[in-house]
Amino acid sequence: MKKNNLTSMGKSFTKYILIIGVLLILLDFTFHRHEYFSFAEIYGFPAFFGFVSFVFIVLLGKWLRKFLMRKEDYYDQ
Amino acid sequence: MISNIIPGLLMILTSFLLPTIPQYFRQPAMLLSVGLSALSLFNGYGTFLEWDVLGLNLILYQSDSLTFPFSIIFHIAAVLVIIFSWHSKNLMEHMATIAYAGSAIGALHAGDFFSLFIWWEATALTSVFIVFAGNTKAARDAAMRYLIIQVSSGVMLLIGACLLLYQTGNHNLTVLDLTTDFGIFIFIAFGIKAAFPFLNGWLQDSYPESSVTGTVALSAFTTKLAIYALARTFPGTDSLIWIGAIMTAFPVFFAVIENDLRRVLSFSLNNQLGFMVVGIGIGTELSLNGTVAHAFVHIIYKALLFMSMGAVLYRAGTTKASELGGLYKYMPFTTIFCIIGAMSISAFPLFSGFVAKSLIMSSLGGMGMVLIYFVLFFASAGVLEHSGIKIPYFAFFAHERKSKVKEAPINMLIAMGIAAFLCIGIGVFPKYLYQILPYTVEYQPYTIDHVISQLQLLVFAIIAFLFLVKFKLYPSEIKSTVLNSDWFYRKMLPGIGKPLFKKIGLLTEFIYENLRFFFRLILNKSHKFSNSSYIKVTTPSFAATILISILFIMLLIVLL
């Protein structure tokens, strides 16, 4: 039981966050969301933007490791 | 009487007295000095103290609507740091901290560039002892680099101030632009402390090397003092919009791969400064309000995040993500406070970051700056990544922990509790924050459009995180050093300089050897000459021969 604490927490967190996500998208259909720029008013635009940005940041960051990552004692050498 | 004392000065005096005060009364004495200094907040606006010295009129104490909010938050930050470090017996660090906070508060109230310069250097000289107090070799090395960079910023400021006085006859704090040489010097001076792109290396280099409590103090003052100074002298400078946008976006990638969580927070601090710099660059009343509001809330939640990582370092002995995880079970309060800080910095509605960042985003949107708007929107997803998710996830969750640790000491929990309370309080009741901003602007952050838009961004960014973890695309933490702009002076310059100086050294040695040989030759010859038997009567003494030859060489040099 104790061993699975984190996994079960993670699972229920995922479940709730997905429900909230779906609700937020559905809310977009119930009213017209005013934005400063018209293209941002497309249904679910901020959601899409957030998802893509996040994936982009993480994957580009991971790729940048090739150039930026050194050993822990790099500056002591 | 007290109304004429420069705010912060009492705190510096307390710092000098601290060694004479018994251990258990040190923190109360420090709190008292902050309280007395805070009385200045009730003085209202105006010029309270001037000093004519060497024909210059120094404005030592002035306050207006821009200094006021900064002064409030600097006092709050000082209180938080004192409570957080209540358990510590490190006298040097306490002295440095209270003097550092006092200097920063004093700097806010300087009315001319020369007074500002004095305080500017005072913050550098006091804060370097905080880095020193990290008390490791890495900390001492970082402190020396930190000092060099900070003092160069001061020198730039002094050059700018002198040029300003020489060219215009005025040295008061005024709005400057980048068409003048003094403007550029002062801009760079502020830019170094505000951690502009490529001038930012010192921040990520030194802050994470400081002690458990030191980093909290460092995170509050220097950079925000620079933001204040930029807001006062360069509002509406277009280039700041671009500089700020770069600052928001770039540190995000570094933060993804950095292993030391306090260094991640330092990158995050850099990214947050970017938002403030953009606000200064736009230069409207709304955007400047946004910058001040953001600096205000940022100091609290950034201190909260650094405090939570300080508590982790104190109890678990490291802030390396690769060695942490599962602390939620042992440090539940710290976990909750850290999550509150994380949600505030990520700008979740009802948290302080939301009500401040909205002002800057709205002013960008209102001006139709679509590209910058989306760079900042993108950076918001980045903030969520490194400060909102990475910090709490890797420290407190990620995987179960085998060895037990204790919850943070009570004083740390109190300090974190106050900060967390302020984060939520400001988020729920933004009007109290808006009331103290420099300009009166009607603004409503909680519109349905805005709340839904922000929530969609954040929630789907979290979903993206879960997705990446699920498919094992999220980079695992690796013990490593991530190169940053300090690489230029830590590796590149020594890389070029060391062999170069070695070559120069060899060359000078060669020249020296030859000269020595040459002189010895003259010496020997003249000795022989003066001692030769057959011209002894007419020749001068040995000393005179040397003198004559020197005169002869000088004559040659003059003639040539």
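Lettering follows sequence order; numbering is per chain, from 1.
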Item to check | Heavy-atom pairs under 4.5 Å with chain B, option from A:Ile17, A:Ile57, A:Leu24 with the top count | outcome: A:Ile57

Checklist entry - Is there side-chain contact between A:Arg65 and B:Val256, with at least one heavy-atom pair below 4.5 Å? => result no

Checklist entry - Between A:Leu27 and chain B, which part of the residue has a heavy atom less than 4.5 Å away: side chain, backbone, both or neither? => result side chain

Next on the checklist: Testing the basics here: between A:Leu6 and B:His399, what is the closest heavy-atom pair and its distance to 0.1 Å?
Outcome noted: CD1-C, 3.3 Å

Checklist entry - Under a 4.5 Å heavy-atom cut-off, does chain A meet the side chain of B:Leu455, its backbone, both or neither? => result both

Checklist outcome for this item: Here the pair of heavy atoms bringing B:Gln456 nearest to A:Gly44 is OE1-CA, 3.5 Å

Checklist entry - Does atom CZ of B:Phe378 have more than 12 heavy-atom neighbours from other groups under 6.0 Å away? => result yes

Checklist entry - Could A:Lys62 and B:Phe253 be counted as a cation-pi pair, given that NZ or CZ must be under 6.0 Å from the ring centre and within 45° of the axis? => result no

Checklist entry - So what's closer than 4.5 Å to chain A heavy atoms on B:Met367: side chain, backbone, both or neither? => result neither

Checklist entry - Taking it one step at a time, do B:Phe460 and A:Phe54 satisfy ring pair (Phe, Tyr, Trp, His ring centres under 6.0 Å)? => result CA-CA 9 Å; B:Phe460 275 84; A:Phe54 196 98; over 10 Å; no

Checklist entry - Which bit of A:Ile25 is near chain B, if near means a heavy-atom gap under 4.5 Å: side chain, backbone, both or neither? => result both

Checklist entry - Given that the side chain runs from C-beta out, which part of B:Lys390 has a heavy atom under 4.5 Å from chain A: side chain, backbone, both or neither? => result neither

Checklist outcome for this item: Whatever's closer than 4.5 Å to a heavy atom in chain B on A:Phe67 counts as backbone

Checklist entry - Can you check whether A:Phe13 reaches B:Phe397 side chain to side chain, under 4.5 Å on heavy atoms? => result no

Checklist entry - Which word best sums up how the rings of B:Tyr373 and A:Phe37 line up, parallel for under 30°, tilted for 30 to 60°, or perpendicular for over 60°? => result perpendicular

Next on the checklist: Set out, in order, the CA-CA distance, both residues' side-chain angles and the distance that settles side-chain contact (heavy atoms from CB on, under 4.5 Å) for B:Ser362 and A:Tyr36, then state yes or no.
Outcome noted: CA-CA 8 Å; B:Ser362 291; A:Tyr36 289 104; 3.1 Å; yes

Checklist outcome for this item: When every non-hydrogen atom of B:Ala464 is compared with those of A:Val55, the smallest separation belongs to CB-CG2, 3.9 Å

Next on the checklist: I'd like to know which of B:Val482, B:Val370, B:Asn484, B:Thr447 tops the heavy-atom pair count under 4.5 Å against chain A.
Outcome noted: B:Val370

Checklist entry - For A:Glu35, is it the side chain, the backbone, both, or neither that has a heavy atom closer than 4.5 Å to a heavy atom of chain B? => result side chain

Checklist entry - Are A:Arg70 and B:Leu483 close enough, and set up right, to give a side-chain contact (heavy atoms from CB on, under 4.5 Å), and what steps lead you there? => result CA-CA 7 Å; A:Arg70 297 289 185 277; B:Leu483 299 187; 3.5 Å; yes

Checklist entry - Heavy-atom count around B:Tyr446 OH within 6.0 Å, excluding the residue itself: above 12? => result yes

Next on the checklist: Could you check whether any side-chain N or O of A:Glu72 sits under 3.5 Å from a backbone N or O of B:Ser480, counting only pairs where one atom can act as donor and the other as acceptor?
Outcome noted: no

Checklist entry - Is any side-chain heavy atom of A:Pro46 closer than 4.5 Å to a side-chain heavy atom of B:Phe377? => result yes

Checklist entry - Are the aromatic ring centres of A:Phe51 and B:Phe467 under 6.0 angstrom apart? => result yes

Checklist entry - Out of B:Thr481, B:Ile478, B:Ile257, B:Asn259, which one pairs with A:Met69 under the side-chain contact (heavy atoms from CB on, under 4.5 Å) rule? => result B:Ile478

Checklist entry - How would you list, in number order, the residues of residues 379-387 of chain B that have a heavy atom less than 4.5 Å from chain A? => result B:Ala381, B:Gly382, B:Leu384, B:Glu385

Checklist entry - With a cut-off of 6.0 Å (strictly less than), are more than 12 heavy atoms of other residues, nucleotides or ligands near OH of B:Tyr489? => result yes

Next on the checklist: Whether the side chain of B:Lys479 engages the backbone of A:Lys71 through a donor-acceptor N/O pair (distance < 3.5 Å, no angle test) should be reported.
Outcome noted: no

Item to check | When B:Ala255, B:Ser476, B:Ala398, B:Ala138 are compared by non-hydrogen pairs under 4.5 Å with chain A, the top option | outcome: B:Ser476

Item to check | Sub-4.5 Å side-chain heavy-atom contact between A:Val58 and B:Leu473 | outcome: no

Item to check | Validation row, ring centre A:Phe39 to ring centre B:Phe374 under 6.0 Å | outcome: yes

Checklist entry - Are any non-hydrogen side-chain atoms of B:Lys137 and A:Asp76 less than 4.5 angstrom apart? => result no

Checklist entry - Looking at CG of A:Leu18 and CD1 of B:Ile463, how far apart are the two atoms once the value is rounded to the nearest 0.5 Å? => result 5.0 Å

Next on the checklist: Looking at every heavy atom in both A:His34 and B:Asp449, which two are closest together, and how far apart are they?
Outcome noted: N-OD1, 2.8 Å

